[in-house]
Asker: 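For reference, the structure I am asking about is given below.
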Amino acid sequence: MLDEFRGRGISAVLAGIALDDARQQGLKFVPSCSYRVGFIERKPGYADLVECQEEARD
């Protein structure tokens, strides 16, 4: 069932909305899956929202 949604860019739209919202709220995040890591690599304008894991543990 989920295969019918692949390739439509839905994940990219949702990721962008979530990151835009995080930016508006002054939040940072730790990418927790390979999709989010790849998204940030493809959209470096969001790289400033990434918090390194060492900082997040403190």
Side-chain angles (χ1 to χ4, degrees):
M1 177 176 162
L2 294 178
D3 286 341
E4 67 190 76
F5 296 106
R6 288 182 182 262
R8 295 186 181 190
I10 296 169
S11 294
V13 170
L14 292 173
I17 290 170
L19 291 171
D20 289 340
D21 188 55
R23 177 173 280 131
Q24 288 179 337
Q25 294 185 51
L27 301 174
K28 300 235 179 216
F29 84 109
V30 177
S32 59
C33 70
S34 60
Y35 180 83
R36 290 184 182 151
V37 171
F39 183 86
I40 297 297
E41 290 173 353
R42 291 187 302 277
K43 309 279 188 185
Y46 290 112
D48 63 307
L49 299 176
V50 176
E51 182 170 37
C52 78
Q53 290 182 343
E54 290 78 30
E55 292 174 5
R57 288 186 207 131
D58 293 341

Asker: Under a single-linkage definition using a 4.5 Å side-chain heavy-atom cutoff for Ile, Leu, Val, Met, Phe, Trp and Tyr, are Tyr35 and Val50 assigned to the same hydrophobic cluster?
Answerer: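 They do share one cluster, since a chain of ILVMFWY contacts under 4.5 Å joins Tyr35 to Val50.
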
Asker: Mind checking side chain to side chain contact (heavy atoms under 4.5 Å, CB included) for Ile17 and listing every partner two or more places apart, or none if nothing turns up?
Answerer: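 Ile17 satisfies side chain to side chain contact (heavy atoms under 4.5 Å, CB included) with Val13 once adjacent residues are dropped.
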
Asker: Return the set of residues passing salt bridge (charged side-chain N to carboxylate O under 4.0 Å, His left out) with Asp21 (not counting sequence neighbours), or none when no residue passes.
Answerer: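 Asp21: no salt bridge (charged side-chain N to carboxylate O under 4.0 Å, His left out) contacts found.
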
Asker: What residues form a salt bridge (charged side-chain N to carboxylate O under 4.0 Å, His left out) with Arg6, not counting sequence neighbours?
Answerer: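 Result, salt bridge (charged side-chain N to carboxylate O under 4.0 Å, His left out) vs Arg6: Asp3.
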
Asker: Once salt bridge (Lys or Arg N to Asp or Glu O under 4.0 Å) is applied, what residue pairs with a partner in residues 24-42 remain, sequence neighbours excluded?
Answerer: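 For residues 24-42, and leaving out neighbouring residues, there are no salt bridge (Lys or Arg N to Asp or Glu O under 4.0 Å) pairs at all.
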
Asker: Of all the heavy-atom pairs spanning Val37 and Pro31, show the shortest one and how long it is.
Answerer: CG2-CB, 3.7 Å

Asker: Among residues at least two apart in sequence or on other chains, which ones pass side chain to side chain contact (heavy atoms under 4.5 Å, CB included) with Lys43?
Answerer: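 Result, side chain to side chain contact (heavy atoms under 4.5 Å, CB included) vs Lys43: Phe39, Tyr46.
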
Asker: Report the distance from atom CG of Leu27 to atom CD of Gln25, rounding to the nearest 0.5 Å.
Answerer: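 So the CG of Leu27 and the CD of Gln25 are separated by 5.0 Å.
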
